[in-house]
K.L.:
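Here it is: the structure, laid out below.
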Number of protein chains: 2
Amino acid sequence: MARRNDHSREELHEMALSAAQILLDEQGVTALSTRKVAAAIGYSVGSLYQLFKNLDDLCWQLNARTLEQFQAEVNAIPAEQPREIILGYGRAYLEFAHRWPHRWHLLFEHKSQASEIPDELQGKIAGMFEYLEGALAQLFPGAEADSLQRSARTLWAAVHGIAVLASLDKLFLNQPALEQQMLNEVIGRYLNGWQQENMA
Amino acid sequence: MARRNDHSREELHEMALSAAQILLDEQGVTALSTRKVAAAIGYSVGSLYQLFKNLDDLCWQLNARTLEQFQAEVNAIPAEQPREIILGYGRAYLEFAHRWPHRWHLLFEHKSQASEIPDELQGKIAGMFEYLEGALAQLFPGAEADSLQRSARTLWAAVHGIAVLASLDKLFLNQPALEQQMLNEVIGRYLNGWQQENMA
DNA sequence: CAAAATAATTAAACACTGTTTAATAAAATC
DNA sequence: GATTTTATTAAACAGTGTTTAATTATTTTG
């Protein structure tokens, strides 16, 4: 039943990733299994292992796609004032986590942490930090590189924390537009507090 | 081979939870299986299902223990100035996540979210928010209840975000005492920024 | 062009997982 | 002491990731 020329290696690779993404979107991280992906593309599990080192490898590649997609959305944000850039980034982050809950979940699954992060992905993440660092550098021209790098991560951690707890339903608070308000407040107050330091 | 009077139901329950906790601490979330817990206490899996509804139930009870332990540590923080209380809470949180990485990981495993959060646990979490809200209320006597509740969650989310990304090794930055600095800055700047709002 | 080498594909197996079931052994009740 | 209730277990079911050996298709070689 082998049929090598039905699809090239590249086509198969693409088919598998697409099928996996659909499975992920529709049924969540736990439904993402080698057998289901194989069945979805009409091949056996063994053939999947010809295309991917293992399931973790497939997940990393899925994560790379997710990051590319998010990065494209972030790049589409009009570059206005630095504060608006940072806020826009946070909004995009929260919105993305809501729109693609399972893709976003897979990004931070501890399981994937078992194997080491591929260099390619690490580069993508670093690029996104630089985006934030650039906006912060505009706001704080006198700040040291260390400080800017740390602050970019701190702001990202804060936004990420909001997204995590919201997705886990662990905020236990019914307020209208809760996440949006939390986002506005944490970024606004953080930046104001920092500016205040520089004036004293 | 049944031996009903070797251990009472309560003893068995305690033995199972303790064994599960050791397994969790030593081998991580993925190693926490019904068969391993059963083997550790010298009973069959079936007997475990007499004590717990399922593995998720066992995990919830493990999480309840973890929260109790953390709450005890938080309560041991000397009640000083409100800012020190909030900072102390954040420090305790980061420290706890480092000292008990797997217990802390289990707390936020999405898997456990499949079944609903037991009321008991929900109450424990609410209690911890109140702790933060109390300190914030001292700093901002004029603030509305809504605002205090939201801010407590925002600060928690920020600290949680730092802990998550640090535990996932996703900060990609080698700075001495990075997490501590991020913590100090996010709390300090947030509170300063808020105070600034009230003066304007 | 046919034969040999290579590579892809698959079915089956292995070692796990959570959970359920039927049979058995022990304790409690009558 | 006989009967009912309960605890316990081994076995089974349906999954999982991954590996293996055998088969089939394609390429390369003679």
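Computation of the quantities below employed the complete heavy-atom set of this structure, encompassing side-chain atoms and omitting hydrogens, waters and symmetry-equivalent molecules. Protein chains get the first letters and strands the later ones, always in sequence-line order, with residue 1 at the start of each. Here the structure is a predicted model, which means the values were calculated and not measured.
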K.L.:
Rounded to whole Å, please give me the gap between CD1 in A/I41 and P in C/dA8.
P.N.:
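Answer to the nearest Å: 14 Å.
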
K.L.:
Quick one: what's the B/S/- string for nucleotides 13-19 of chain C, heavy-atom cutoff under 4.0 Å, read 5' to 3'?
P.N.:
B---BBB

K.L.:
Round to a whole Å and report the spacing from CD of A/E109 to P of D/dG17.
P.N.:
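Computing the A/E109:CD to D/dG17:P distance gives 13 Å.
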
K.L.:
Separation of B/L51 atom CG from D/dA7 atom P, in whole Å?
P.N.:
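Result: 9 Å.
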
K.L.:
First locate atom CD1 of B/I86, then atom CG of B/L139, and finally report the distance between them rounded to the nearest 0.5 Å.
P.N.:
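B/I86 atom CD1 to B/L139 atom CG measures 5.0 Å (nearest 0.5 Å).
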
K.L.:
Rounding to a whole Å, what distance do you find between B/H7:NE2 and D/dA7:C1'?
P.N.:
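About 14 Å, once rounded to whole Å.
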
K.L.:
Which residues satisfy the ring pair (Phe, Tyr, Trp, His ring centres under 6.0 Å) test with A/H13, sequence neighbours excluded?
P.N.:
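Scan of A/H13 (ring pair (Phe, Tyr, Trp, His ring centres under 6.0 Å), adjacent residues dropped) gives A/F52.
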
K.L.:
Name all pairs fulfilling the side-chain hydrogen bond (donor to acceptor under 3.5 Å, both in side chains) condition that reach into residues 152-165 of chain B, sequence neighbours left out, sorted by first residue then second.
P.N.:
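Only B/Y93-B/H160, B/E133-B/R153 qualify under side-chain hydrogen bond (donor to acceptor under 3.5 Å, both in side chains).
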
K.L.:
What is the distance, to the nearest angstrom, from the CG atom on B/L12 to the P atom on C/dA26?
P.N.:
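Distance check: B/L12 CG to C/dA26 P gives 16 Å.
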
K.L.:
Keeping to residues at least two apart or across chains, list the salt bridge (charged side-chain N to carboxylate O under 4.0 Å, His left out) pairs with something in residues 82-93 of chain B.
P.N.:
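Found B/E84-B/R91.
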
K.L.:
Will you find, in the side chains of A/E14 and A/H7, an N or O donor that is under 3.5 Å from an N or O acceptor?
P.N.:
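There is no such pair between these side chains.
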
K.L.:
Check the pair B/E144, B/R150 against salt bridge (charged side-chain N to carboxylate O under 4.0 Å, His left out), reporting the backbone distance first and the verdict last.
P.N.:
CA-CA 10 Å; B/E144 310 246 348; B/R150 189 172 57 246; over 6 Å; no

K.L.:
Rounded to the nearest angstrom, tell me the gap between atom OH in B/Y43 and atom C1' in D/dT6.
P.N.:
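Those two atoms, OH and C1', are 14 Å apart.
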
K.L.:
Compare the minimum distances between each of D/dT8, C/dT10, C/dA8 and the side chain of A/Q50, then state the nucleotide with the smallest one.
P.N.:
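From the listed options, C/dA8 comes nearest.
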
K.L.:
Quick one: are the ring centres of B/Y190 and A/Y190 less than 6.0 Å apart?
P.N.:
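No: the rings miss the under 6.0 Å criterion.
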
K.L.:
Does either side chain, that of A/Q69 or that of A/R103, offer a donor lying less than 3.5 Å from an acceptor on the other one?
P.N.:
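Judged by distance alone, the side chains do pair up.
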
K.L.:
Which listed nucleotide (D/dT9, C/dA8, C/dT10) is nearest to the side chain of A/S44?
P.N.:
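Nucleotide nearest to A/S44's side chain: C/dT10.
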
K.L.:
Not counting sequence neighbours, which residues clear side-chain contact (heavy atoms from CB on, under 4.5 Å) with B/L23? List them please.
P.N.:
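Residues passing side-chain contact (heavy atoms from CB on, under 4.5 Å) with B/L23: B/Q27, B/L32, B/K36, B/V37.
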
K.L.:
In whole angstrom, give the distance that lies between atom CG of A/D57 and atom P of D/dT18.
P.N.:
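Whole-Å distance recorded here is 10 Å.
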
K.L.:
Rounded to whole Å, please give me the gap between CZ in A/R9 and C1' in C/dA8.
P.N.:
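Going from A/R9 (CZ) to C/dA8 (C1'), I get 10 Å.
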
K.L.:
Mind grabbing the angle between the end helix axes of the helix from C/dC1-D/dG30 to C/dC30-D/dG1? Five pairs an end, 10° rounding.
P.N.:
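Rounded value for the end-axis angle: 20°.
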
